[in-house]
Amino acid sequence: MNIGEKIKRLRSEKLMTQSELAGSVITRNMLSCIENGSATPSLGTLRHIAAKLNVPIGYLLADGEDEVIYAKLAQISNIKNAYLSGNYKICRDICAESGIDADDEIYLILAECALSLGVELFNSGSLRGACSYFDEAIEISDKTIYNTEHIVAIATAYFRYMRTISATLSSDMIDESESDIFMAMGDDFARYAIAFEVLENGQRELAQNIISRLDGELPYSLHIAARLNMAEGRFDEAHSQLYKILVTPHKIQEPIMYFVFCDLEICCKELNDFKGAYEYSKDKMEVLQKLLTEN
């Protein structure tokens, strides 16, 4: 991209007219000639244009890899501010529209954004949308030299949990058999999901150890504790713990609620509370329908 093309693109992105960019320093016709490549701007003209466009003059003069560096410098503060404030969609859009490519730091930020957006959709109960973002996170993470094992592990832990809800959920990037999800232990939900999985495989002591580092009053801990009691046939205690999840002040993700209702239905059946079992079965099916239909 030559100087004129860069100036025209930046001016269009900022919704500036040629007259606004030209100001009182150069004529609109001169700017038009610069943009279409029929005139070469002087250094003074370039300083004026760069200042009006709020970019380093070096960006207008740069070629190839240098251009990428200046493009990054022009946007990196906006990208980091959006990321640190939790505006992952905005951060992702800024990165995508900035024209920055083949940059390891930007790829890492994009992968983290995609992972966070996947978690947001998972928490709201949009499982198919979450799968799409998790795939994006893993695909982008392969493009950076930075260590992204935690991104792959967390995405995989979420995905494997979702697959226990429905086998119709799919991923193009996640290899369930090869991923080491224990790298995801730094994420509270992933820790719970790993404990949930090993408990499903009959590893009760390991499940207890995994969840022991979390607050015992959190829904994650209560659910694993309830499942441990169910495994030991203590359905009264399990029912109490599961009900405590329903009335907790903590926000509970929709996918967890599905399993809470599943387990409450089982407990009620074991305790001969068939009316309760019926009500929780209805709740379970309503949540399942939402989880699999929302995008």
Presence of salt bridge, Glu105 and Lys80, under 4.0 angstrom: yes
So, His150 versus Asp187: side-chain donor-acceptor pair below 3.5 Å or not? no
If the threshold is 4.0 Å, N to carboxylate O, is there a salt bridge linking Glu136 and Arg92? yes
Would you find more than 12 non-hydrogen atoms of other residues, nucleotides or ligands less than 6.0 Å from Met30 atom CE? no
Mind telling me whether Tyr88 and Tyr83 have parallel, tilted or perpendicular rings, with 30° and 60° as the class edges? perpendicular
Determine whether a donor-acceptor pair (N or O, by modelled atom type, separation under 3.5 Å) exists between the side chain of Lys269 and the backbone of Ala277. no
Side chains of Ser166 and Thr168: any donor to acceptor distance under 3.5 Å? yes
Just by distance, do the side chain of Glu279 and the backbone of Gly276 share a donor-acceptor pair under 3.5 Å? no
Residue that, paired with Tyr192, satisfies side chain to side chain donor-acceptor pair (under 3.5 Å) out of His223, Glu197, Gln253: His223
Looking only at atom types and distance, does a side-chain atom of Arg128 sit under 3.5 Å from a main-chain N or O of Thr293, one as donor and one as acceptor? no
Backbone N/O of Gly129 and side chain of Ser132: donor-acceptor pair under 3.5 Å: no
Salt-bridge criterion met for Glu35 and Arg11 (N-O under 4.0 Å): yes
Do Ile138 and Ile145 sit in one hydrophobic cluster, given that two such residues count as connected whenever their side-chain heavy atoms are within less than 4.5 Å of each other, even indirectly? no
Under a 3.5 Å threshold, yes or no: a donor from one side chain and an acceptor from the other, between Tyr107 and Tyr146? no
Between Phe134 and Phe159, is the gap from one ring center to the other below 6.0 Å? no
For the rings on Tyr258 and Tyr161, is their centre-to-centre separation under 6.0 Å? no
Look at the side chain of Asn87 and the backbone N and O of Ile90, then say whether any donor-acceptor pair between them is shorter than 3.5 Å. no
Less than 4.0 Å between a side-chain N and a carboxylate O, is that true for Glu286 and Lys290? no
Could you tell me whether Arg227 and Glu200 make a salt bridge, using a distance below 4.0 angstrom between a side-chain N and a carboxylate O? yes
For the pair Ser116 (side chain) and Glu112 (backbone), establish whether a donor and an acceptor sit closer than 3.5 Å, ignoring hydrogens and angles. yes
Interatomic distance, CE@Met183 vs OG1@Thr156, rounded to 0.5 Å, equals 11.5 Å
